[in-house]
**Student:** 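This is the structure I want to talk about, given as structure tokens.
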Amino acid sequence: MTTASDYVSALPSPLRPIAEQVCSLIDDTLPEATGALWHGHPTWSLGERPGHRPVCLVKAHSSSVTFGLWRGQEVADPSGRLHAGARTMASVKLVDVSDIDRALFTDWLRQAVAQETR
């Protein structure tokens, strides 16, 4: 696998449609970000090379897809859906396409980019 599309295409159903929708949402919301495989899963960064000022990631597991934000703990989340991870990361586990809230995730992404561009 060399691209995010390759990664998503290789996923089994029902994970593939979840990842497709999340990746599409990220691409639509962050046209300035560079998407690439980094550490084995799709990551979107501000800059030319993968991992340079990373903003978000999508990672498939056996029964869910993680949508994560590198500085997610600094993002306002009145929904309470983001769960804190290591350092400043936060993420949400998605088990169905209905778990994707476009307006909420778009807001999170915009906040995450604002954190990176300060």
Side-chain angles (χ1 to χ4, degrees):
M1 283 182 281
T2 59
T3 68
S5 294
D6 293 339
Y7 179 92
V8 171
S9 295
L11 295 176
S13 203
L15 301 178
R16 187 180 325 109
I18 299 167
E20 287 171 343
Q21 286 196 29
V22 172
C23 290
S24 176
L25 183 147
I26 295 166
D27 289 337
D28 291 348
T29 306
L30 305 179
E32 72 276 23
T34 302
L37 288 187
W38 190 46
H39 294 285
H41 54 268
T43 302
W44 286 259
S45 302
L46 300 177
E48 292 297 316
R49 60 183 199 270
H52 180 71
R53 295 173 48 211
V55 176
C56 63
L57 65 91
V58 172
K59 184 174 182 178
H61 303 277
S62 60
S63 60
S64 66
V65 173
T66 295
F67 170 53
L69 301 165
W70 250 262
R71 296 179 68 178
Q73 291 180 38
E74 299 171 23
V75 167
D77 177 30
S79 74
R81 290 185 61 191
L82 280 175
H83 296 280
R87 298 181 191 102
T88 61
M89 292 190 78
S91 63
V92 62
K93 298 274 186 207
L94 310 170
V95 296
D96 189 81
V97 293
S98 65
D99 293 334
I100 301 167
D101 182 329
R102 279 190 80 83
L104 179 63
F105 290 16
T106 297
D107 181 53
W108 289 345
L109 286 166
R110 290 185 178 141
Q111 288 184 61
V113 167
Q115 295 291 340
E116 273 305 316
T117 57
R118 283 187 188 175

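Count residues from 1 along the sequence.
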**Student:** Can you tell me how far apart CZ (F105) and OG1 (T29) are? Round to the nearest 0.5 Å.
**Tutor:**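 So the CZ of F105 and the OG1 of T29 are separated by 11.0 Å.
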**Student:** List for me each residue that meets side-chain hydrogen bond (donor to acceptor under 3.5 Å, both in side chains) alongside W108, sequence neighbours excluded, and say none if there are none.
**Tutor:**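 In terms of side-chain hydrogen bond (donor to acceptor under 3.5 Å, both in side chains), with neighbours along the sequence ignored, W108 is linked to D77.
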**Student:** Is a donor on one side and an acceptor on the other found under 3.5 Å between the side chain of Q111 and the backbone of A76?
**Tutor:**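 Such a contact is found between Q111 side chain and A76 backbone.
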**Student:** In chain order, what residues pass the salt bridge (Lys or Arg N to Asp or Glu O under 4.0 Å) check against R71, with sequence neighbours excluded?
**Tutor:**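 Scan of R71 (salt bridge (Lys or Arg N to Asp or Glu O under 4.0 Å), adjacent residues dropped) gives E74, E116.
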**Student:** Mind checking side-chain hydrogen bond (donor to acceptor under 3.5 Å, both in side chains) for H39 and listing every partner two or more places apart, or none if nothing turns up?
**Tutor:**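 With sequence neighbours excluded, H39 shows a side-chain hydrogen bond (donor to acceptor under 3.5 Å, both in side chains) to no residue whatsoever.
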**Student:** Quick check: do F67 and I100 have side-chain heavy atoms less than 4.5 Å from each other?
**Tutor:**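 With C-beta onward as the side chain, the pair stays apart.
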**Student:** When you look at H41 and T43, which way does the side chain to side chain contact (heavy atoms under 4.5 Å, CB included) test go after all the steps?
**Tutor:** CA-CA 6 Å; H41 54 268; T43 302; 3.8 Å; yes
**Student:** Mind checking what makes side chain to side chain contact (heavy atoms under 4.5 Å, CB included) contact with A33, not counting sequence neighbours?
**Tutor:**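 L30, W44, L46.
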**Student:** Check the side chains of T66 and K59 for a donor-acceptor pair under 3.5 angstrom, ignoring hydrogens and angles.
**Tutor:**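 Looking only at side-chain atoms, T66 and K59 do not form any donor-acceptor pair under 3.5 Å.
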**Student:** Measure the CD-OG distance between Q73 and S91 for me, rounded to the nearest 0.5 Å.
**Tutor:**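 Reported value, rounded in 0.5 Å steps: 9.5 Å.
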**Student:** Would you check if T2 and L37 make a side-chain contact, meaning some heavy-atom pair closer than 4.5 Å?
**Tutor:**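 No, too far: nothing below the 4.5 Å cut-off.
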**Student:** Hey, does L109 have a side-chain heavy atom less than 4.5 Å from the side chain of V75?
**Tutor:**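 No, too far: nothing below the 4.5 Å cut-off.
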**Student:** Applying salt bridge (Lys or Arg N to Asp or Glu O under 4.0 Å), can you list everything that pairs with D96, at least two apart in sequence or on another chain?
**Tutor:**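 Per chain and number, D96 pairs via salt bridge (Lys or Arg N to Asp or Glu O under 4.0 Å) with no residue.
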**Student:** Check step by step if side chain to side chain contact (heavy atoms under 4.5 Å, CB included) holds for C56 and W70.
**Tutor:** CA-CA 6 Å; C56 63; W70 250 262; 5.6 Å; no
**Student:** Quick check: does any side chain N or O of D99 sit under 3.5 Å from a backbone N or O of V95, one acting as donor and the other as acceptor?
**Tutor:**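 Looks like yes, one N/O pair under 3.5 Å.
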**Student:** For T88 and Q115: C-alpha separation, side-chain torsions, deciding distance, then whether side chain to side chain contact (heavy atoms under 4.5 Å, CB included) applies.
**Tutor:** CA-CA 11 Å; T88 61; Q115 295 291 340; over 6 Å; no
**Student:** Hey, does L57 have a side-chain heavy atom less than 4.5 Å from the side chain of M89?
**Tutor:**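 In short, these two side chains touch, coming nearer than 4.5 Å.
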**Student:** Begin from the C-alpha positions of R81 and L94 and carry the test side chain to side chain contact (heavy atoms under 4.5 Å, CB included) through to its verdict.
**Tutor:** CA-CA 10 Å; R81 290 185 61 191; L94 310 170; 3.9 Å; yes
**Student:** Which atoms form the tightest heavy-atom contact between S45 and P54, and what is the distance?
**Tutor:**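 Here S45 and P54 meet closest at OG-CA, 3.5 Å.
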**Student:** Determine whether a donor-acceptor pair (N or O, by modelled atom type, separation under 3.5 Å) exists between the side chain of Y7 and the backbone of A60.
**Tutor:**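 Yes, Y7 side chain to A60 backbone: donor-acceptor pair under 3.5 Å.
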**Student:** Please list every donor-acceptor pair under 3.5 Å in which a side-chain atom of residues 8-24 meets a protein atom from a residue at least two apart or in another chain.
**Tutor:**
| residue | atom | partner | partner atom | Å |
| --- | --- | --- | --- | --- |
| S9 | OG | S5 | O | 2.8 |
| R16 | NE | L11 | O | 2.9 |
| R16 | NH2 | L11 | O | 2.9 |

